[in-house]
Amino acid sequence: MTAPTLGAGRPVPLHRRSIDYEVFDNGDALTVAARLVDTRPWADGGQAVATVHDMELTVVVRIEDLCIIEADAVMHTFPHTECPGIVAAFAGLVGLSVARGYTRQVQSRFGGPRGCTHLEQLARSLGPAVIQAVTSRRALALSRGEVEDLVTGTGSPWARNSCHVWAEGGVADQKLAAGWRPGVGSYPSPPLEWFTGDGRS
């Protein structure tokens, strides 16, 4: 048995989940518009249900402390008539900071039978989108000549211990100490050896 194919011989996916985040600058706050859509591409034009879930979560995050000050969930497409009964619960995101510990707090408030697994996934994973938006906001200021680089001073920014590159005392810290400034120079950033002089010969 072979899978049905699209053009160019590509197989038709059994399932497609699309998650999209857009973050908008509102001055002293960021508005995050998150959307999750589950579809069955093989069902297009047939009798079977093609769109299983289509849900949105919008939150407003205060830039000063990365605290959520507004939250609103909407379900456009859902499998059970009762599903939208949980959307009001996601107003409970208000007051949470998307900084460290955020994922754990979301899971404890909305995980399992306390929420909706799809809206909870949107809520749980919006933290990194906010952090990237903060960086993009400063990159925009850098492009306008309003700041000199993407961080202030020589210490690690909010990214510290967020990944292996930003581990405390790791590669990014060493690059900062050697004079690297995020957002200035080539992208991706050259290897550490380039900044320390070992790679310039």
Side-chain angles (χ1 to χ4, degrees), residues 3-7 10-140 158-159 162-163:
T5 58
L6 294 168
R10 259 185 44 225
V12 175
L14 186 61
H15 190 82
R16 178 181 291 127
R17 169 164 285 195
S18 301
I19 296 178
D20 187 58
Y21 292 93
E22 289 186 314
V23 186
F24 303 90
D25 188 353
N26 293 330
D28 59 354
L30 301 172
T31 297
V32 185
R35 189 166 193 160
L36 178 149
V37 180
D38 278 326
T39 58
R40 297 170 176 160
W42 55 267
D44 279 348
Q47 299 280 330
V49 173
T51 300
V52 184
H53 302 110
D54 183 353
M55 304 179 179
E56 291 185 78
L57 178 66
T58 303
V59 301
V60 178
V61 179
R62 190 168 50 224
I63 294 172
E64 180 184 5
D65 56 3
L66 299 183
C67 186
I68 296 174
I69 56 175
E70 293 179 34
D72 183 52
V74 177
M75 292 187 180
H76 302 291
T77 305
F78 42 87
H80 299 278
T81 304
E82 295 84 359
C83 286
I86 198 66
V87 297
F90 283 84
L93 289 165
V94 172
L96 295 183
S97 169
V98 300
R100 300 209 189 286
Y102 171 73
T103 300
R104 188 168 43 254
Q105 291 186 65
V106 170
Q107 288 174 321
S108 69
R109 291 187 185 199
F110 305 105
R114 294 177 298 281
C116 160
T117 185
H118 315 298
L119 288 174
E120 188 264 347
Q121 181 177 5
L122 285 178
R124 182 168 24 94
S125 54
L126 67 78
V130 171
I131 298 303
Q132 290 299 317
V134 170
T135 307
S136 291
R137 186 174 188 260
R138 191 160 175 96
L140 177 59
W158 19 258
S162 62
C163 71

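All of these numbers come straight from a predicted model, not from anything done at the bench.
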Discussion item. Going by the rule ring pair (Phe, Tyr, Trp, His ring centres under 6.0 Å), which residues pair with Phe110 if we only count those two or more places apart in sequence or in a different chain?
Written reply: Phe90
Closest non-hydrogen atom pair between [X] and [Y], with its separation:
{"X": "Ala50", "Y": "Ala43", "answer": "CA-CB, 3.9 Å"}
{"X": "Ala33", "Y": "Phe24", "answer": "CB-CE1, 4.4 Å"}
{"X": "Ile86", "Y": "Arg114", "answer": "CD1-O, 3.8 Å"}

What side-chain donor-acceptor pairs closer than 3.5 Å can you find for residues 57-75, not counting sequence neighbours?
residue	atom	partner	partner atom	Å
Arg62	NE	Asp65	OD1	3.0
Arg62	NE	Asp65	OD2	3.4
Arg62	NH2	Asp65	OD2	2.8
Asp65	OD1	Cys67	N	3.2

Contact check, side chains of [X] and [Y], non-hydrogen atoms, under 4.5 Å:
{"X": "Leu126", "Y": "Val98", "answer": "yes"}
{"X": "Tyr21", "Y": "Leu122", "answer": "yes"}
{"X": "Phe78", "Y": "Pro84", "answer": "yes"}
{"X": "Leu14", "Y": "Trp42", "answer": "yes"}

Worksheet item: Residues two or more places apart in sequence or in another chain: which of them pass side-chain hydrogen bond (donor to acceptor under 3.5 Å, both in side chains) with Arg17?
Response: Asp38, His118, Gln121
Worksheet item: Rounded to the nearest 0.5 Å, how far apart are SG of Cys116 and NE2 of His80?
Response: 10.5 Å
Fill in: Pairwise distance CG(Leu36) to CD(Glu56) - rounded to 0.5 angstrom
10.5 Å
Practice prompt. Tell me, with the steps shown, if Asp25 and Leu140 meet side chain to side chain contact (heavy atoms under 4.5 Å, CB included).
Written response: CA-CA 11 Å; Asp25 188 353; Leu140 177 59; 5.6 Å; no
Worksheet item: Are Asp20 and Arg35 close enough for a salt bridge, meaning some N to O gap below 4.0 Å?
Response: no
Discussion item. Heavy-atom count check: over 12 atoms from other residues, nucleotides or ligands less than 6.0 Å from His15 NE2?
Written reply: yes
Item to complete: Could you go through the side chain to side chain contact (heavy atoms under 4.5 Å, CB included) check for Gln107 and Arg124 one step at a time?
Response: CA-CA 7 Å; Gln107 288 174 321; Arg124 182 168 24 94; 3.5 Å; yes
